[in-house]
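Sequential numbering from 1 along the given sequence is applied to the chain's residues.
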Amino acid sequence: MIALLITVAVLARRPDRPAPSARVVPDAPPAVTVAWYGFEGARPWSDLTPFTGNDARIRMVPHDAGQAVQFPPPCRREPCPRLILRVLSRPALNPGRDPFSFGATVRLSPRHTTDGQNVLQKGYSAEGSQYKLQIDGAGGHPSCVLVGEGSRAIHVVVADVGVADGDWHTIACRRGPDTLTILVDGVPRAGARIPAALRVDNAMSLNLGGKSAHAHNDQYHGAVDDVWISKP
């Protein structure tokens, strides 16, 4: 079941008192950055390894003062080009039962939406445990997924806004002690309860852009930058 949590706060004020000006308070920086991929400098892949299929080519595109990775566009007839970036598993990438966050800055064209596109994924829902950030459907709604070790229950939160508009958006997935929340451009857009004992610990690689470079890989078709995993 997908649970959506939307909270609206209304502040009362006296008629003779002016309304307060609106301001955005950014999140505090993470205390511990487990992984960060900004695709800058002489080694834009850092410890990531590109895997390609069917003559896919790695393409860099401008983003702010730097650059981002552009993944292949949708393809209607096989063989289709496929591309992922992969880093082998290590203990720091397995949060266990601890709170953690992960996310990325993405740009996706409304013409490039599909049923399912994986931006970031570690593990598989049917094998052990998983955390994942994906963008699904014609509306381009991002969602966060958690699957606990030894469980087939898939916990999903889907944002109530789409991001497939050709602009850059920041998406974050936040696992608390017993909650999973998705934020789009710093604003919480959905949340759900999860078991406090849910544990993510697997030997699978961390993949950006899809499950693999083979067929039916849930290929991401947009650009991505500033991929991160952190502990609060």
Side-chain angles (χ1 to χ4, degrees), residues 1-3 30-37 45-53 69 71 82-104 106 114-137 141-159 171-183 190-220 224 227-232:
M1 174 179 289
I2 299 174
V32 178
T33 300
V34 174
W36 173 274
Y37 302 106
W45 311 125
S46 184
D47 58 346
L48 291 164
T49 300
F51 284 83
T52 63
V69 178
F71 288 86
R82 295 182 175 87
L83 165 66
I84 67 166
L85 306 175
R86 174 183 293 173
V87 61
L88 295 178
S89 182
R90 59 178 185 263
L93 296 175
N94 288 317
R97 295 186 178 92
D98 296 338
F100 77 112
S101 298
F102 57 97
V106 302
T114 60
D115 289 342
Q117 302 188 30
N118 292 356
V119 178
L120 177 160
Q121 173 176 347
K122 188 175 192 301
Y124 299 93
S125 59
E127 302 177 28
S129 57
Q130 179 190 70
Y131 57 87
K132 179 169 67 170
L133 166 59
Q134 59 192 5
I135 301 176
D136 294 338
H141 287 255
S143 60
C144 304
V145 179
L146 285 181
V147 179
E149 190 177 39
S151 172
R152 292 297 181 91
I154 301 175
H155 303 275
V156 185
V157 289
V158 182
I171 308 171
C173 303
R174 182 178 296 165
R175 186 254 166 97
D178 59 358
T179 57
L180 175 61
T181 306
I182 184 169
L183 300 91
R193 290 280 184 180
I194 61 172
L198 186 148
R199 179 181 179 85
V200 180
D201 191 348
N202 61 68
M204 304 298 179
S205 60
L206 172 68
N207 296 343
L208 310 184
K211 293 188 291 189
S212 69
H214 305 297
H216 311 295
N217 71 331
D218 294 336
Q219 178 71 59
Y220 174 57
V224 68
V227 180
W228 54 272
I229 301 170
S230 68
K231 295 181 180 179

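- When all heavy atoms are compared, the tightest approach of Tyr220 to Ile135 is CE1-CD1, 4.1 Å.
- Judged by distance alone, the side chain of Ser101 and the main-chain N or O of Ala172 form no donor-acceptor pair under 3.5 Å.
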| said: Determine whether His155 and Leu198 satisfy the following criterion, side-chain contact (heavy atoms from CB on, under 4.5 Å), listing intermediate values before the conclusion. | reply: CA-CA 10 Å; His155 303 275; Leu198 186 148; 3.5 Å; yes

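- No side-chain heavy atom of Gln121 sits less than 4.5 Å from a side-chain heavy atom of Ile84.
- A donor-acceptor pair is defined here as one N or O able to donate and one able to accept, closer than 3.5 Å; such a pair exists between the side chain of Gln219 and the backbone of Gly209.
- Of the options Val106, Leu183, Ile182, a side-chain contact (heavy atoms from CB on, under 4.5 Å) to Pro142 is made by Ile182 and by none of the others.
- Going from atom CG of Asn217 over to atom CG of Asn118 covers 8.0 Å, rounded to the nearest 0.5 Å.
- With values rounded to the nearest 0.5 angstrom, Leu85 atom CG is found 9.0 Å from Thr49 atom OG1.
- Side-chain N or O atoms of Gln130 include one that pairs as donor or acceptor with a backbone N or O of Gly123 at under 3.5 Å.
- Distance check: Gln134 CD to His141 NE2 gives 13.0 Å after rounding to the nearest 0.5 Å.
- Side chains of Val69 and Trp45 form a contact here, defined as non-hydrogen atoms less than 4.5 Å apart.
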| request: Would you please test Asp136 and Ser143 for side-chain contact (heavy atoms from CB on, under 4.5 Å) and show each step? | output: CA-CA 8 Å; Asp136 294 338; Ser143 60; 4.0 Å; yes

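- Between Lys132 and Cys173, the shortest heavy-atom distance links the atoms O-SG, 4.4 Å.
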| Derivation and outcome, side-chain contact (heavy atoms from CB on, under 4.5 Å), residues Leu206 and Ile229 | CA-CA 11 Å; Leu206 172 68; Ile229 301 170; 3.8 Å; yes

| CA sep, side-chain torsions, deciding dist, call: Ile154, Val145, side-chain contact (heavy atoms from CB on, under 4.5 Å) | CA-CA 7 Å; Ile154 301 175; Val145 179; 3.7 Å; yes

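- Annotation: side chain of Val224 is not in contact with side chain of Leu208 (no heavy-atom distance under 4.5 Å).
- Among all heavy-atom pairs drawn from Ser129 and Gly148, the shortest one is CB-C, 3.9 Å.
- Between the OG atom in Ser89 and the CG atom in Asn202 there is a gap of 6.0 Å [rounded to 0.5 Å].
- Between Met204 and Lys122, the shortest heavy-atom contact is O-NZ, 2.9 Å.
- Annotation: the span from Arg86 atom CZ to Asn207 atom CG amounts to 5.0 Å, rounded to 0.5 Å.
- The shortest non-hydrogen separation linking Val200 to Leu146 is CG2-CD2, 4.2 Å.
- Every residue two or more places apart in sequence or in another chain was checked for a salt bridge (Lys or Arg N to Asp or Glu O under 4.0 Å) with Arg97, and none qualifies.
- Within the 4.5 Å cutoff, side-chain heavy atoms of Arg90 are placed close to those of Leu93.
- Here the straight-line distance linking atom CZ of Phe102 with atom CH2 of Trp228 works out to 8.5 Å at 0.5 Å rounding.
- Note on ring orientation: taking the six-membered ring where Trp is involved, the planes of Tyr131 and Phe100 are perpendicular (angle over 60°, cut-offs 30° and 60°).
- Side-chain contact check for Ser230 versus Trp36: every heavy-atom pair is 4.5 Å or farther apart.
- Annotation: side chain of Val227 is in contact with side chain of Leu120 (closest heavy-atom distance under 4.5 Å).
- Pairing each heavy atom of Pro99 with each of Pro232, the nearest pair is O-CD, 3.3 Å.
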